[in-house]
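Scroll down for the structure; my scribbles are underneath it.
Position 1 is the first residue of the sequence; numbering continues from there.
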Amino acid sequence: MNFKDLILQGIPSTLPEQRTYDLSVNHTPKRKEILNAEEKNLALRNALRYFEPEHHATLIEEFKEELETSGRIYMFRFKPTYDIYARPIEEYPGPCLQARAIMLMIQNNLDPKVAQHPEELITYGGNGAVFQNWAQYLLVMKYLAQMEDDQTLVIYSGHPMGLFPSNKNAPRVVVTNGMMIPNYSQPDHWEKFNALGVTQYGQMTAGSYMYIGPQGIVHGTTITVLNAGRKIAENKEDLAGKLFITSGLGGMSGAQPKAGNIAGCITVCAEINPKAVHTRHSQGWVDEVFTDLNELTKRVNLAKHNKEVVSIAYQGNIVDVWEHFDKVNLFVDLGSDQTSLHNPWAGGYYPVGMSLEESNDMMANDPKEFKIKVQESLCRQTTAINKHTKKGTYFFDYGNAFLLEASRAGATIYKNKNGEFVDSSAFKSSDLESAPFAYPSYVQDIMGPMCFDYGFGPFRWVCASGLQEDLDKTDKIATEVLERLKKDAPEEIQSQLSDNIKWIRNAKANNLVVGSKARILYADAIGRTEIAKAFNNAIAENKIGTVVLGRDHHDVSGTDSPFRETSNIYDGSRFTADMAIQNVIGDSFRGATWVSIHNGGGVGWGEVINGGFGMVLDGTIEAENRLKSMLFWDVNNGLARRSWARNKEAIFSVKRAMDQEPKLKITIPNLVDDALFSE
């Protein structure tokens with residue numbers, strides 16, 4: 001059978017040959033033992049229901065083995081034999097253009113060049129899954145290939161419930177991931193219910209089919225590092241010769257060294273997994289690799305002396321780097337961390353003093369002791385960071401739950417009223433949620449007031465033709481739109497526009513494409529709408545092929561996350577999730593092609609609710625009407641919430657939006673004089 005026939009087949013009626021477990025790819029560590037004997041039987045029943053009874057006797061033994069060795073049932077036998085990557089849209093079967101675009105995006109998320117653990121259907125973050133198993137993948141692709149323009153596919157945490165009659169204006173796909181009753185949303189609940197095969201962790205853009213490889217986080221990290229550099233600049237100087245220390249080279253975190261190069265600094269990024277180090281070095285995302293701390297120190301000092309722009313991977317533990325650089329008194333200008341601390345007990349963070357193999361063994365076979373080791377390591381890392389910041393290092397949390405998990409470990413991660421470092425014992429337990437961390441979230445200091453409150457966030461697109469020339473044309477179109485808008489833009493957003501014009505002009509030269517022909521930039525509602533309209537016009541004129549629009553959920557409106565996206569909400573509502581839910585509901589009836597709502601992206605299961613969308617542009621007037629309606633709402637929903645929280649930049653932004661759209665009426669807060677509260 002050819003590729004189209006294999007897609008239309010879905011789950012094959014004849015069992016395919018068992019697949020050899022490919023040791024050359026990066027696999028997930030074994031998940032910890034969490035099911036009792038009765039629950040294991042339930043997990044097997046849940047897995048077998050995808051298959052005809054005649055195959056159950058064969059598959060049950062196989063699935064038992066997977067559950068024992070991996071802690072999950074992935075159904076490796078059913079992984080397709082064809083290559084998985086973002087093919088040109090015309091290569092996918094089916095009568096519905098929008099459905100074919102979604103198939104393209106799903107395959108991009110599972111492309112081995114893109115995905116962190118492709119065999120286990122995990123795109124990034126250690127547990128950010130597209131599907132729970134290969135049967136779900138096969139069924140979803142079959143449904144999409146059968147879909148007509150008046151049907152909607154409903155997906156519960158990777159499982160396709162089925163195609164339902166709807167209408168042409170409804171979303172083609174609605175995705176939920178990990179939506180739990182609130183009292184069942186602790187990390188061990190995810191371990192248990194995911195092992196049972198009834199829920200999954202979709203991260204942000206993994207389970208919503210909008211991941212575009214590390215390019216997305218390269219852009220966000222570049223913007224973050226540039227603005228962090230502006231915060232520490234004494235004379236408006238750039239980052240030449242300044243040192244940025246961080247960790248993590250797997251999944252999204254692998255983008256950090258590339259972003260450091262674009263921002264113009266020296267980057268040292270520690271990573272314990274040699275496969276991840278090799279991947280990023282071979283892809284050209286990191287320039288040099290060191291395994292010896294003394295040699296690393298010499299290299300960094302040389303780079304500082306020569307004001308080089310260079311990215312360096314240290315194959316080892318980040319704690320050792322922080323401690324060694326303190327010992328030799330090597331000054332660090334900027335510091336952060338991007339290990340997957342939303343997933344600290346299952347491979348997201350590796351403790352100092354233990355090898356990768358020792359850690360993987362302990363997390364599966366002695367998870368209680370492994371948790372102790374992780375928390376001890378976090379305390380050591382925090383202590384070392386504190387020593388550096390006393391010397392002048394600017395450290396910020398990069399939204400990976402570092403501060404949160406360090407605080408739970410008992411680290412000295414708070415500051416008291418006198419500005420002294422203290423641990424959680426300095427506060428009443430009831431006060432800990434509002435206790436001040438010693439370091440800001442990057443959203444609090446950088447992205448919130450500088451970008452999100454002005455409506456700027458990650459707008460991305462994919463050229464479904466797969467043609468480089470189409471991507472080049474869209475780059476040119478986007479640049480021209482931003483340059484035109486910049487001429488009349490208010491002073492408050494000139495720097496945002498300038499940074500993104502510079503980014504998009506140099507995007508191709510930085511060789512950022514991995515997987516689909518995709519691009520990202522930060523734009524506000526006006527910018528997103530104008531760029532999308534220009535793309536749609538170009539499609540109508542046959543200058544480019546179909547374009548898929550989307551964004552990271554890490555945006556103005558998409559995510560309620562009290563320790564990241566909404567950490568700069570100070571009216572007490574940062575622990576509420578109305579915004580993300582309203583965002584997805586509003587996107588659904590305003591024209592999104594598909595929508596998704598997730599529990600647990602970015603900073604951890606039970607810590608965040610985030611929503612996303614995809615939109616297919618086909619050059620029609622209907623597509624233009626949809627994009628104008630949906631993109632306007634998608635941004636201004638968040639601006640309204642941020643304005644109501646009394647964020648001055650957001651108040652400016654919503655007033656500007658109301659001036660441009662008379663039908664928009666936002667409730668503006670009345671500000672209260674601080675003098676009323678003085679003693």
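- Side chain of Asn109 to main chain of Thr205: a donor-acceptor pair is present (N/O by atom type, distance under 3.5 Å, no hydrogens or angles).
- Of the possible polar contacts, none joining the Gln203 side chain to the Asn127 backbone as a donor-acceptor pair under 3.5 Å is found.
- No side-chain donor from either of Ser567 and Gln444 sits under 3.5 Å from a side-chain acceptor of the other.
- Ser185 places no side-chain N or O within 3.5 Å of a backbone atom of Pro182 that could act as its donor or acceptor partner.
- Rounded to the nearest 0.5 angstrom, His189 NE2 and Thr199 OG1 are separated by 12.0 Å.
- There is a side-chain donor-acceptor pair under 3.5 Å between Tyr439 and Thr389.
- Atom NE2 of His278 sits in a sparse spot, with 12 or fewer heavy atoms from other residues, nucleotides or ligands closer than 6.0 Å.
- Residues Tyr522 and Pro458 meet the side-chain proximity criterion, which asks for heavy atoms closer than 4.5 Å.
- Contact of the Tyr156 side chain with the Asn177 side chain is not registered, since no non-hydrogen atoms from C-beta on lie closer than 4.5 Å.
- Between the side chain of Glu358 and the backbone N or O of Ser355, at least one donor-acceptor pair lies under 3.5 Å.
- Minimum heavy-atom separation, Tyr137 to Pro80: CE2-CG, 3.5 Å.
- Of all the heavy atoms in Gly128 and Ala206, the pair that sits closest is O-CB, 3.4 Å.
- With Ile212 as reference, Ile520 is the one residue of Leu512, Asp552, Ile520, Val548 to meet the side chain to side chain contact (heavy atoms under 4.5 Å, CB included) rule.
- Contact of the Tyr209 side chain with the Trp594 side chain is registered, since non-hydrogen atoms from C-beta on lie closer than 4.5 Å.
- There is no side-chain donor-acceptor pair under 3.5 Å between Gln375 and Arg408.
- A donor-acceptor pair under 3.5 Å links the side-chain atoms of Ser377 to the main chain of Val352, judged by distance alone.
- Under a cutoff of 6.0 Å and an axis angle of 45°, Lys415 and Phe421 form a cation-pi pair.
- Residues Pro118 and Ile84 have side chains not in contact (no heavy-atom distance under 4.5 Å, counting atoms from C-beta outward).
- Under a 3.5 Å cut-off, the side chain of Glu565 and the backbone N or O of Gly558 do not form any donor-acceptor pair.
- Among residue pairs with one or both ends in residues 183-198, those qualifying as salt bridge (charged side-chain N to carboxylate O under 4.0 Å, His left out) are Lys32-Asp188, Glu39-Lys192, Arg72-Glu191; sequence neighbours excluded.
- Shown here are the side chain to side chain contact (heavy atoms under 4.5 Å, CB included) partners of Thr576, two or more places apart in sequence or in another chain: Ser573, Asp578, Arg641.
- Figure legend: Arg574 and Phe563 shown as a cation-pi pair, the cationic atom lying under 6.0 angstrom from the six-membered ring centre and within 45 degrees of its axis.
- Note on Glu376 versus Lys371: no salt bridge recorded, every NZ/NE/NH1/NH2 to OD/OE distance being 4.0 Å or above.
- Counted by atom type alone, Asp634 and Asn583 present one or more donor-acceptor pairs between their side chains at under 3.5 Å.
- Thr559 and His554 form no side-chain donor-acceptor contact under 3.5 Å, judged by distance and modelled atom types alone.
- Distance alone, capped at 3.5 Å, places no donor-acceptor pair between the His342 side chain and the Asn400 backbone.
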